[in-house]
Amino acid sequence: MTVTRLSADRGALIGAQSRRLMTTTACAFALLAGPFTMPVVAQTAPVSAATRAYVIPAQPLANALRAFGRQSGLQVSLPAEAARGANSAAVSGTLSTEAALSQLLSGTGLSWRISNGTVVVGDQSSGVTGGAPAADGSTVIGEINVTGQRAETSVSSVNIGAEELAARNPTSVADVFRDEAGVSVGSSIPTSQKVYVNGLEETTLAVSIDGSRQNNRVFHHNATNLIDPSLLKAVDVDASIAPADVGPGALAGSIAYETKDVKDLLTQDGFGGMASETYNSNSNTFTTGIGGWAMQDGFEFLGFLNYGKGGNYEAGNGDEVRGTETNLLSGLGKLAYEAESGDRFEISHERVRDDADRPYRANASVVTTGRPWEPAYRNYKLERDNTVFTYADTTPEGWWDPTVRLAYSHSSVETPIFYNAGGGVGASYDGQGESGSLNGKFENKFTLENGNIVAGLDFYSDKIELETASEPLGYTEDASERARNVGIYTQVRIEPVDAMRLSFGGRADKQWFEGTTGEKWDHAGLSGNASVEYDLTSFLTAKAGASHVWAGIPLAEAFIMNPAWNYGLEGPEVTTANNATAGLEFHHDGFTAEGSLFRSMIQDARVAKWAAARANQNYDVETWGFEVGAGYDWTDGFIKVKYTRVNAEIDGLPADSDTGNYLTTPVGDIITISAAHTFSDWGLTVGGDMEFAPEFEDGANTYVAYEVVNIYTEWKPEQLSHMTFRAEVQNLFNETYASRSTYGQEFGNVEPLYEQGRTFLLSVKATF
């Protein structure tokens, strides 16, 4: 490709951008003015009636709440000053969450609140409090609504629960992360969107869906993991440093997607269902969703189905962006049985399919290559399946808390492959790339007085292959690579003193690799991680962590595989990485502020090319930067601001989105602002978010600035409690832009996929 500096009248461009930024900022503050001028009204949350077996003796309060967190499955937060000198009451029996907390905190006078799925005890800033003495002298704990469960993650993490997902109402994976400055998503259509964490592409992370390993390097022009976000209940991201129990290959962290469960929808035996409809005005797209669930005598059933159909959208400049139509079908099914003993068995299957005409290279609008036989568009059929069987004990005792998982994930892309049949006339044959991973683990959590130890064994058997009908060429292009891995791991999470939390662990992995030629190599390596959080004061916490990761030999992409590759005597190099991060976090009376530094270095990252001599091609990749943020939570709303700077190099040179396939992409500076407020008396929520990417110069390339604003309102009328109505305006100012991580913006012969212009989204949802 020919690299050219993006041309523009710099003075006019900067002036226009400054005026747009001022207008955007004014609108953002106008949007936020309402929350600060309205009275605060306490919300009433539904009672969680699920019961569990609790055995917690009377002891120092901090230790008792740690035990409660382990036995309830919830994350619990307790300020150090509230714990000093306080003791809990004993808790014993099969109880609901609120009943167990009521017994535990009896006589302490402590309040509580729920924030991002965490039970916060002893925070007087909450507008919802318990702690009122009952007639019997106990402390009455108010109603608790747990909207998500924060995973035990590393020192640098992003945790998006069900409440946040509902507020964002995502229609693509880009919407899932649109409030997170450190997580960027390239491309404007789901079929080619890729996620980057601190500038590193998701194939450098350990990605799982419901605990199942994803290994989807099929075609670099397509999405690595096509996901329907309406099926998700939580997303947890470990940025840079991941614990050993997330699985092998976590070079730069991990992403764990979790889909909805029956127990997220029902707290006791019964049944329910939902139906939804969303209309996109820009592309005239309708998306219909239906679902049903039931629970009876330990048996659980859940089923969801979504179908979206619509046309191409228009960019902010009014031009139609060809190849962006919607034809998406997705579904999720789960069946589970939980015995009275606590033994739980669950099997789930999730599937998503996208089938439509796309640009010839699906992650760019137009790429001028001088090959007249290549059409502007071709059909892509992308399918992904994920099947998971899990056994767990929901009533663990002491040192026995096992999990057994067996899963199979599969992804495929079907598209015609074009070639020059002579004189520049194009002809084609069918091509299908596939990836599959049979994976599983057995692990046990050993409960300690001040934490836990997770130890286990996991495995995967991965295969990536290309199948073609290439008889017209007179030779075959069919090829495959395979890798098998067995690992043992342990991760320790403890609180040696009240003010300190430690997490450290390691893995030992053995991998067997087979190339397209049938040649085989095997390697083994060790990985380790450590992180610490220390409360400098009751409101200021210091964090730091580091890791070394051994990932074996990554499999190549299906559509560039060559059955005649020359691997040499030693075969491909194994890939390793070193990561470090450090930061501070402030929290007091609803205010939060944080800042962190990060650095990741990946050695011998494999990005093979089709040429016979390039089977072992690899790069050294380095990303570094910082993230700062601030926010304020009040009873019925929040506001938060985040700013991330990401620098990326490949072999010591500024990264570009072509060399960085499966590795990294230029990101630069990203600023996000988000806010929302709920008027409880009316059942009305108003909110919005903004992303601003200043102009970024990296080497010889300049990436233009953009700012985009989205606003929404959601109404849940008291008279129709089962209904939810939502209206949203995306790209309010009709900006013509491509998100910073979108492919090809630094190349003069590439027209990137511009995001959709001003778009009105109208949706209605009925739940019964």
Side-chain angles (χ1 to χ4, degrees), residues 21 24-25 28-29 31-32 35-36 77 115-118 120 123 125 148 150 153-161 163-165 167-168 174-185 195-199 235-241 253 531 533 535-537 539-545 580-600 623-634 637-647 667-677 687-694 696 707-710 740-741:
L21 179 58
T24 298
T25 305
F29 278 106
L31 173 67
L32 301 177
F36 289 104
S77 174
S115 177
N116 294 329
T118 298
V120 181
D123 190 336
S125 67
R150 182 185 174 107
T153 54
S154 67
V155 69
S156 179
S157 61
V158 173
N159 306 99
I160 304 170
E163 185 176 335
E164 292 89 347
L165 287 170
R168 297 172 194 183
D175 291 335
V176 170
F177 296 109
R178 71 186 187 191
D179 289 0
E180 308 299 336
V183 182
S184 53
V185 179
V195 179
Y196 297 84
V197 178
N198 288 346
V235 183
D236 294 313
V237 180
D238 291 312
S240 300
I241 299 168
S531 59
E533 297 182 3
D535 298 326
L536 300 172
T537 69
F539 53 82
L540 186 62
T541 300
K543 303 179 178 182
T581 184
L584 291 171
E585 181 179 302
F586 167 87
H587 47 87
H588 182 67
D589 288 343
F591 288 95
T592 60
E594 58 186 345
S596 62
L597 303 171
F598 60 85
R599 193 177 202 94
S600 294
T623 64
W624 69 97
F626 63 85
E627 181 171 357
V628 294
Y632 177 66
D633 285 317
W634 57 95
F638 70 91
I639 179 174
K640 60 183 179 181
V641 181
K642 293 185 178 182
Y643 169 37
T644 294
R645 168 75 181 213
V646 179
N647 301 284
V667 177
D669 304 283
I670 301 292
I671 301 168
T672 61
I673 303 174
S674 58
H677 182 81
D689 60 84
M690 165 188 169
E691 179 180 328
F692 173 51
F696 174 52
E707 55 266 6
V708 59
V709 175
N710 310 299
R740 183 56 57 80
S741 299

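These numbers come from a predicted model, not from an experiment.
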Identify the heavy atoms of Gly199 and Val667 that sit nearest to each other, and give their distance.
CA-CG2, 4.1 Å

So, Thr672 versus Asp179: side-chain donor-acceptor pair below 3.5 Å or not?
no

Nearest 0.5 Å, please: how far is OG1 in Thr541 from CD in Glu533?
7.0 Å

Taking salt bridge (Lys or Arg N to Asp or Glu O under 4.0 Å) as the test, write out the residues that go with Glu627, two or more places apart.
none

With rounding to the nearest 0.5 Å, note down the distance linking CG in Asp589 to CH2 in Trp634.
15.0 Å

Side chains of Asp633 and Phe591, heavy atoms from C-beta outward: is any pair under 4.5 Å?
no

Side-chain heavy-atom pair Val646, Phe598 within 4.5 angstrom cut-off
yes

Worked verdict on Asp689 versus Arg178 for side-chain contact (heavy atoms from CB on, under 4.5 Å)
CA-CA 8 Å; Asp689 60 84; Arg178 71 186 187 191; 3.1 Å; yes

Within this structure, what is the CG-CD distance for the pair Asn159 and Glu164, rounded to the nearest 0.5 Å?
9.0 Å

Less than 3.5 Å apart, which donor and acceptor atoms pair up between the side chains of residues 637-644 and the rest of the protein, not counting sequence neighbours?
from, atom 1, to, atom 2, distance (Å)
Lys642, NZ, Glu180, OE1, 2.7
Tyr643, OH, Asp669, OD1, 2.7
Thr644, OG1, Gly182, N, 3.4

Quick one: do Ile670 and Glu691 satisfy side-chain contact (heavy atoms from CB on, under 4.5 Å)? Show the steps, please.
CA-CA 7 Å; Ile670 301 292; Glu691 179 180 328; 4.0 Å; yes

Measure the spacing between NZ of Lys543 and CG of Asp535 and express it to the nearest 0.5 Å.
10.0 Å

Qualifying residue, where the test is side-chain contact (heavy atoms from CB on, under 4.5 Å) with Ile160 and the options are Val183, Asp236, Val176
Val176

Begin with the C-alpha distance, continue with both residues' side-chain angles, and end with the deciding distance and a verdict on side-chain contact (heavy atoms from CB on, under 4.5 Å) for Trp624 and Leu597.
CA-CA 8 Å; Trp624 69 97; Leu597 303 171; over 6 Å; no

Decide whether Ser240 and Asn198 meet the rule of one side-chain donor and one side-chain acceptor closer than 3.5 Å.
yes

With distance as the sole test, does Arg740 use its side chain to make a donor-acceptor pair with the main-chain N or O of Pro694 at under 3.5 Å?
yes

Spacing of Thr623 atom OG1 and Asn647 atom CG [to the nearest 0.5 Å]
9.0 Å

Please step through side-chain contact (heavy atoms from CB on, under 4.5 Å) for the pair Phe696 and Arg645, ending with a clear verdict.
CA-CA 10 Å; Phe696 174 52; Arg645 168 75 181 213; 3.6 Å; yes

Once rounded to the nearest 0.5 Å, what's the spacing between atom OG of Ser531 and atom CG of Asp238?
9.0 Å

